[in-house]
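Beneath this line is the structure, given in structure tokens, with notes to follow.
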Amino acid sequence: MTVPGTPAGQQTVRRHNLSLITTALAGAPASRAELAHRTGLTKATVSSLVDVLISQTILVEGVPDAPRVGRPARPVRLNPDGPVAVGLEINVDYLAACALDLTGQVRGYRHAPVDNRGRTADQVVAHAVRLSDEVRAGLDQPLLGVALALPGVVGVDGELLRAPNLPLLAGARLGQALAGELNVRELQVDNEANLGALARLWSAPDGGRDFVYVSGEIGVGAGLVVNGELFRGVNGFAGELGHVVVERDGPLCGCGGRGCVEQYAGQEVLLRNAEQPDVEALEAAVTRSDPRALAAVELAGSALGVGLSSLLNVVDLPAIVLGGVYARLYRVIEPALTAELASRVLSSRSSAGRLCCSSLGVDAAVRGAAGAVVDRALKDPGRFTEWDASSDSSSPSRARRTG
Ligand SMILES: [Zn+2]
């Protein structure tokens, strides 16, 4: 959107410069002079842009660090009490919501175990809206935006194109429905493994910029991160690790194929093989060395190892991060998985250092969803500062507007 009377070129430059300010502050607070140094902008331009971002509550001014000769510099930083991002996740056996502030701190979180396989899109959307309200309850902060994590193949327009474990929701435009209910202008939708991978990238900056993130839920997916960017494939369908075949004539899978990774390593199959009702019971059974539980986890680790070996032989990524149920079972699943990787991945001279587990566990995708909203806002804060406050309740500038 262009402000009337302002040349488009100036608007583009202004938006770019605003993004220089917010991304420069993502790591640490800085004075206006330091920001000018970090960004290469003039001090006058920095001051003008910082004032705009402060008026939008995206930045906040701190107290001067210490008394000094001359006028003390007041540092500015991202505002923890500014707009909040909401991440939502609709998965096969739970819903989750998370509110994240601009500094990346979690301000609200809900995890609701519920079987969504028999629920309609309307029922799931209504429940997700309630969770979104709950994570923002008590926060007197405007809504920055919302993103949604889904367990399946997500089309470019946010449609859930294929969801073998949620057949009633396949074809549903859940993001569009949620955007309407939550009154947000747009709502990002992505696959849960992709968002889990991004959460890992943002939460563990020392964890490398090239890896495969494996989300282990009832479905099994992978997010491929190459040089700090998600690799989505041409149509956004990359990473369907759960449907890589490990046994050509194996059990029939929900995708229509046979012998997929998910039929050995998916959470539901794992629990059935272990004869345990839920993951907590499985963890307890493993701890007391129940032979069926140990055998089920070993089978899952082997199948996952075979599938991941095929993936790594194709894409040549140096590290694997296990999320979801695999992170919880890491200690017992690691030996079988590592053994398959060591014998099958052609590039592996040693399996040491290749495998680790995500510290975010089952929260990774919903954290990644909220993080994606914050990331987009910091990379292009001009999207928000140019919104017409009077017509959009999701705008951070709902209560005030600057020119
Ligand atoms: Zn399959």
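Residue indices begin at 1 and follow the sequence shown.
Taking 4.5 Å as the limit, some side-chain heavy atom of Leu378 sits within range of a side-chain heavy atom of Val374. Within the 4.5 Å cutoff, side-chain heavy atoms of Val153 are placed close to those of Glu240. The shortest distance between side-chain heavy atoms of Ser289 and Leu294 falls below 4.5 Å. Using a 4.5 Å heavy-atom cutoff, the side chains of Leu100 and Val373 are not in contact. Residues Arg200 and Cys356 form a side-chain contact, since some pair of their non-hydrogen atoms from C-beta on lies under 4.5 Å apart. Side-chain atoms of Asp190 and Leu230, non-hydrogen and from C-beta on, do get closer than 4.5 Å to each other. Annotation: side chain of Leu102 is not in contact with side chain of Val84 (no heavy-atom distance under 4.5 Å). By the 4.5 Å heavy-atom criterion applied to side chains, Ser358 and Leu322 are not counted as neighbours.
Judged purely by distance below 3.5 Å, without hydrogens or angles, the side chains of Asn17 and Arg14 never pair a donor atom with an acceptor atom. When only modelled atom types and interatomic distance are considered, Thr103 and Asp101 share a side-chain donor-acceptor pair under 3.5 Å.
Taking every heavy atom of both residues into account, Val362 and Gly324 meet most closely at CG1-CA, 4.1 Å. In plain terms, the two heavy atoms of Cys98 and Arg367 that are nearest each other are SG-CD, 3.8 Å. Of all the heavy atoms in Pro151 and Leu166, the pair that sits closest is CG-CD1, 3.7 Å. The two atoms that bring Leu161 and Gly155 nearest to each other are CD1-CA, 3.5 Å, heavy atoms only. Summarising the geometry of Ala128 relative to Leu178, their closest heavy-atom pair is CB-CD2, 3.9 Å, with the distance given to 0.1 Å. A pairwise comparison of heavy atoms in Ala85 and Leu144 identifies N-CB, 4.0 Å as the closest pair.
Looking only at distances, no side-chain donor or acceptor of Thr338 sits under 3.5 Å from a matching main-chain atom of Pro335. Of the possible donor and acceptor atoms, one in the side chain of Asn79 sits under 3.5 Å from a partner among the backbone N and O of Asp81. Counting only distance, with no hydrogens or angles, the side chain of Gln141 and the backbone of Gly82 share a donor-acceptor pair below 3.5 Å. Judged purely by atom type and a 3.5 angstrom limit, Asn191 uses its side chain to pair as donor or acceptor with the backbone of Asn194. Side chain of Arg110 to main chain of Ala97: no donor-acceptor pair is present (N/O by atom type, distance under 3.5 Å, no hydrogens or angles). Checking side-chain atoms of Gln123 against main-chain N and O of Thr120 turns up a donor-acceptor pair under 3.5 Å.
The CD atom of Glu159 sits 12.0 Å away from the CG atom of Leu169 when rounded to the nearest 0.5 Å. One distance of note links OH of Tyr213 with CG of Leu241; it measures 12.5 Å at 0.5 Å rounding. Remark: Leu252 CG to Gln263 CD distance equals 7.5 Å, nearest 0.5 Å. Here the straight-line distance linking atom CD of Glu334 with atom CG of Leu341 works out to 9.5 Å at 0.5 Å rounding. Leu224 contributes atom CG, which lies 9.5 Å from atom CG of Leu312 (distance to the nearest 0.5 angstrom). Atom CG of Asn165 is separated from atom SG of Cys255 by 10.0 Å, given to the nearest 0.5 angstrom.
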Step by step, work out the side chain to side chain contact (heavy atoms under 4.5 Å, CB included) result for Ile21 and Val52. CA-CA 11 Å; Ile21 301 282; Val52 170; over 6 Å; no
Set out, in order, the CA-CA distance, both residues' side-chain angles and the distance that settles side chain to side chain contact (heavy atoms under 4.5 Å, CB included) for Leu187 and Val184, then state yes or no. CA-CA 7 Å; Leu187 193 145; Val184 289; 4.1 Å; yes
Determine, stepwise, if the pair Arg173 / Val189 fulfils side chain to side chain contact (heavy atoms under 4.5 Å, CB included). CA-CA 10 Å; Arg173 295 180 184 275; Val189 187; over 6 Å; no
Report the C-alpha distance between Val60 and Ile54 in whole Å, list the side-chain angles of each, state the deciding distance to 0.1 Å, and finish with yes or no for side chain to side chain contact (heavy atoms under 4.5 Å, CB included). CA-CA 6 Å; Val60 66; Ile54 287 175; over 6 Å; no
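Screening Val92, Asn91, Asp115, Val269 for a side chain to side chain contact (heavy atoms under 4.5 Å, CB included) involving Ile218 leaves a single residue, Val92. The side chain to side chain contact (heavy atoms under 4.5 Å, CB included) with Val214 is formed by just one residue from the set Val321, Leu308, Val261; it is Leu308. The side chain to side chain contact (heavy atoms under 4.5 Å, CB included) with Gln267 is formed by just one residue from the set Val220, Leu329, Val325; it is Val325.
Salt-bridge check for Arg376 with Asp380: failed, with every basic side-chain N at 4.0 Å or more from each acidic carboxylate O. Between Glu61 and Arg32, at least one side-chain N (NZ, or NE/NH1/NH2) sits under 4.0 Å from a carboxylate O, which counts as a salt bridge. At a threshold of 4.0 Å, the pair Asp93-Arg117 does not count as salt-bridged, since none of the basic side-chain nitrogens sits closer than that to a carboxylate oxygen.
Sorted by first and then second residue, the side-chain hydrogen bond (donor to acceptor under 3.5 Å, both in side chains) pairs involving residues 296-318 (not counting sequence neighbours) form an empty list.
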What side-chain donor-acceptor pairs closer than 3.5 Å can you find for residues 37-44, not counting sequence neighbours?
residue	atom	partner	partner atom	Å
Arg38	NE	Glu34	OE2	3.2
Arg38	NH1	Ala24	O	2.8
Arg38	NH1	Ala28	O	3.2
Arg38	NH2	Pro29	O	3.3
Thr39	OG1	Leu35	O	2.8
Thr39	OG1	Leu41	N	3.2
Thr42	OG1	Thr45	N	3.1
Thr42	OG1	Thr45	OG1	2.8

Could you list the donor-acceptor pairs under 3.5 angstrom formed between side-chain atoms of residues 201-211 and any protein atom two or more places apart in sequence or on another chain?
residue	atom	partner	partner atom	Å
Ser203	OG	Ala199	O	2.8
Arg209	NH2	Asn227	O	3.1
Asp210	OD1	Asn227	N	2.5

Run the side-chain donor-acceptor check on residues 270-278: report pairs under 3.5 Å with partners two or more places apart or on a different chain.
residue	atom	partner	partner atom	Å
Glu275	OE2	Arg292	NE	3.3
Asp278	OD1	Glu280	N	3.3
Asp278	OD1	Ala281	N	2.8

Side-chain donor-acceptor pairs under 3.5 Å in residues 242-249, sequence neighbours left out?
residue	atom	partner	partner atom	Å
His243	NE2	Glu262	OE1	3.4
Glu247	OE1	Tyr264	OH	2.3

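A 6.0 Å sphere centred on CZ of Arg162 holds no more than 12 heavy atoms belonging to other residues, nucleotides or ligands.
By the ring-ring contact (aromatic ring centres under 6.0 Å, His included) test, His111 is found to be paired with Tyr94, residues two or more places apart in sequence or in another chain being considered.
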